[in-house]
Chemist: 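Here it is: the structure, laid out below.
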Number of protein chains: 2
Amino acid sequence: MANLKQLAQSLGLSITTVSRALDGYADVSAATRERVRQAADQAGYRPNASARRLRKQRAELVAVTLPSEPGHIGPAHFLEMLSGCAEHLATAGLNLVIAPVPSGESELDMCRRFVDGQRVDAMLLVRTKRRDERVEFLQSRGIPFVTNGRTESAIQHPFIDGDGLSGFHQATLRFQDAGHRRIGHIAGPQDYFFAHERKKGWEMAMRDRGLPADLCVEQAPTEQGGYEAALAMLNRPDRPTALVCATDEMAIGVLRALREVEGGDTISLVGHDDLPIGSFTSPALSSMRMTGGNLGRSFASLLLRTIAGEPAEKLQELHAIEFVDRDSHQRSSPAK
Amino acid sequence: MANLKQLAQSLGLSITTVSRALDGYADVSAATRERVRQAADQAGYRPNASARRLRKQRAELVAVTLPSEPGHIGPAHFLEMLSGCAEHLATAGLNLVIAPVPSGESELDMCRRFVDGQRVDAMLLVRTKRRDERVEFLQSRGIPFVTNGRTESAIQHPFIDGDGLSGFHQATLRFQDAGHRRIGHIAGPQDYFFAHERKKGWEMAMRDRGLPADLCVEQAPTEQGGYEAALAMLNRPDRPTALVCATDEMAIGVLRALREVEGGDTISLVGHDDLPIGSFTSPALSSMRMTGGNLGRSFASLLLRTIAGEPAEKLQELHAIEFVDRDSHQRSSPAK
DNA sequence: GTTGACTCCCAAAACGTTTCGGATGATATT
DNA sequence: AATATCATCCGAAACGTTTTGGGAGTCAAC
């Protein structure tokens, strides 16, 4: 409501002094500072955001791009992560704006809009592709950004990622140790870094034991995708006895397929992401998850540090994957 | 990168003319307009957002408050709704910022921060309570806002809501028509408007047929809450034969309880929200959903219209509820 | 009584845009 | 030939803040 000029006038002080008093500068006497603070409190004064942003040449905003895949925007806990991120950013005076890609516009155009209009101080990119044009653009412009998931970019950039390769490697080995030989992989779209990495982990484990890595179907990372991929795979004569699934959402679709095909209830399954819903499926879904605590907070911290100018090399977090043992990974001993 | 001054200089024009040319005013000749546009395009010029916001006294931002209930932020499709809203707002030059409530701060303080700092042109409130202090505050300040869910506020305000009372009334009647007499309700927290409304619908239907409305347990609107509520209700001697559940998430918890108690597989169940996951549970979850198409887009439209000054009375949408028949609502004929 | 240090305060510029109120010629009207 | 009309353009103010570069006054030291 009120602005600095009015506040200054009512106090018989200059705008400068009021501004500096509120910012706690030492060159205003303690008495005046207190008097100003009281008046500001009482008037409910808050500095006008646009004016400060203009003057300080900072947008006080960070944008997160939302993928526009039809009907699917990311795992169910994604919003929770964003919320944590926004909350932590807010302590530094930054707000988080969500930036879905409008139909008819590319993700690149959207980044451009935000960057060239100086609407943001940094960006958060999710669902990175192996070769990601958003990353290339932001690097060329020198805008700070952090990605959720690595890329194959030649230039380093800050990221947080789970070590999906190791995770899927280990998970596949576990199935092998339990006696499984025909272990299938329900893969996500291979242009996504995470999906490619998880598939490589599975492949590596199969090769480790001299087994063929041929039971693989690629599909959209959704319940429906998992369902369709599983149906396709289970109709093969060399049907797998265990499935390693790129995401929990796909795994939930797989569960449905397992209920529908004969003998499906003997097939073991593990997903990835540890969605809360996993405890409530039937059978309860075994899964994997990234270690490392509050993800949103970590993103916020990385964003703040990259804005502050820390080098990318120090802002890369690769977290180990841990297993979440529930029921679906040991439904029966593998036949033959 | 470039600003108006540089652009004007390089064209040998005044700042005024360049600005007006880009905004398509009629008092700059077609030839100059074209010349300016070309130069602007080529320089990748975008007006500085902060400067425009300051000058136009508009924040070009809308904030949506995120509930801070521990571990739960809303139904799984909530982000999708936000994305649709953000996308539509963007066509009017507005961005959507997400505003989680920091720990130690009330939702009210948060609204205050946004409003008094003139950081937003409007707010979107979700998970409204029957008596909602955020609503009261925004009304007192005269800031445009739209709510997801009605309130009991004496003053009208724009909202979008589903007619939960009718929906739950109808659903309960359907169970009665199928022969059920003991129909329970798994209720959400009653200070939420939607939860209260849904319970009233169930109660009304029970009373319609002279049945007691005593089989009701209130719990957190989460899978866990539904699970616990169901366990409590199923251990009663007068165990229900059918359950009407305030949300799908609670219903998914109920499904788990039904698997764990003896005879649980004969109990019918319906939820509300039509989460995508409902097709993939076992049994597939019958549900209800609000009619009315793209919810996010509707919110955006209401927000724009209330910012434009349309009266609240014209900005209230109460949508009918439709049923989504899958398997869980007819698991067996009711015993006795 | 001059100098220097120190405390407290302020005028003015700057951030980049939009917009108000003309100014300047050229053309049409009387 | 004077006047009105029109098409183009522009200077300057304004939005509300932060920050630069002092200015005035007090006090102590020389």
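Convention: sequence-line order gives letters A, B, ...; per-chain numbering from 1. Quick caveat, the model's predicted, so the values are computed rather than measured.
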Chemist: A cation-pi test, strictly: NZ or CZ of R20(A) under 6.0 Å from the centre of the six-membered ring of Y25(A) and no more than 45 degrees from its axis. Yes or no?
Modeler: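 Positive - R20(A) is close enough to the ring of Y25(A) and near enough to its axis.
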Chemist: Does OP1 or OP2 of dC9(D) have a side-chain N or O of T17(B) closer than 4.0 Å?
Modeler: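 So the side chain of T17(B) is outside the cut-off, no N or O lying under 4.0 Å from OP1 or OP2 of dC9(D).
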Chemist: Of all the nucleotides listed (dA13(D), dT18(D), dA11(C)), which has the minimum atom distance to the side chain of D23(A)?
Modeler: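 Side chain of D23(A) sits closest to dT18(D).
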Chemist: Assess whether a salt bridge exists between K129(A) and E152(A), defined as any Lys/Arg side-chain N lying under 4.0 Å from an Asp/Glu carboxylate O.
Modeler: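 Result for this pair is no, no salt bridge flagged.
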Chemist: Just call it for R53(A): base, sugar-phosphate, or nothing, with non-hydrogen atoms closer than 4.0 Å on any strand.
Modeler: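 No contact at all - R53(A) keeps every heavy atom at 4.0 Å or more from the nucleic acid.
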Chemist: Quick check for you: among dC9(C), dG16(C), dT19(C), whose closest atom lies nearest to any side-chain atom of R20(B)?
Modeler: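 My answer, after comparing the listed nucleotides, is dT19(C).
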Chemist: Reading DNA chain D from 5' onward, which residue's closest nucleotide shows up sooner: T32(B) or L54(A)?
Modeler: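 Closer to the 5' end of DNA chain D: T32(B).
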Chemist: Given dG16(C), is OP1 or OP2 found less than 4.0 Å from the side-chain N or O atoms of Q57(A)?
Modeler: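 So the side-chain polar atoms of Q57(A) do come within 4.0 Å of the phosphate oxygens OP1 or OP2 of dG16(C), strictly under.
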Chemist: Stepwise, does the side chain to side chain donor-acceptor pair (under 3.5 Å) test hold for S29(B) with T32(B)?
Modeler: CA-CA 5 Å; S29(B) 74; T32(B) 341; 2.3 Å; yes
Chemist: Identify the residue among V146(A), L89(A), L304(A) that makes a side chain to side chain contact (heavy atoms under 4.5 Å, CB included) with V62(A).
Modeler: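 Among V146(A), L89(A), L304(A), the one that satisfies the side chain to side chain contact (heavy atoms under 4.5 Å, CB included) with V62(A) is L89(A).
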Chemist: Can you tell me which nucleotide in dC9(D), dC8(C), dG16(C) comes closest to the side chain of S29(A)?
Modeler: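 So the side chain of S29(A) is nearest to dC8(C).
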Chemist: Side chain of R52(A): nearest nucleotide among dT18(D), dT20(D), dT17(C)?
Modeler: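 Shortest atom-to-atom distance from the side chain points to dT18(D).
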Chemist: Hey, is the side chain of R55(A) pairing donor to acceptor with the base of dT18(D) inside 3.5 Å?
Modeler: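 Side chain to base: pair found, below 3.5 Å.
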Chemist: I want to verify a distance call: between dT20(D), dT17(D), dT19(C), whose nearest atom is closest to the T16(A) side chain?
Modeler: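 Of all the options, the side chain of T16(A) is nearest to dT20(D).
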Chemist: Toward the 5' end of DNA chain C, which comes first, D27(B) or S50(B), by nearest nucleotide?
Modeler: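 Residue closer to the 5' terminus by nearest nucleotide: S50(B).
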Chemist: Compare side-chain N and O positions of Y25(B) against OP1 and OP2 of dC9(D) and report whether any pair is under 4.0 Å apart.
Modeler: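 So the side chain of Y25(B) is outside the cut-off, no N or O lying under 4.0 Å from OP1 or OP2 of dC9(D).
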Chemist: Side-chain N or O of S19(B) versus OP1/OP2 of dT18(C): is the shortest distance under 4.0 Å?
Modeler: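 Yes, within the criterion.
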Chemist: Using the side-chain heavy atoms of A51(B), tell me which of these nucleotides is nearest: dT17(D), dT19(C), dT17(C).
Modeler: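 It is dT17(C).
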Chemist: So does R112(B) get a backbone contact from the side chain of D109(B), meaning a donor-acceptor N/O pair under 3.5 Å?
Modeler: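 Pair absent, no side-chain N/O of D109(B) close to backbone of R112(B).
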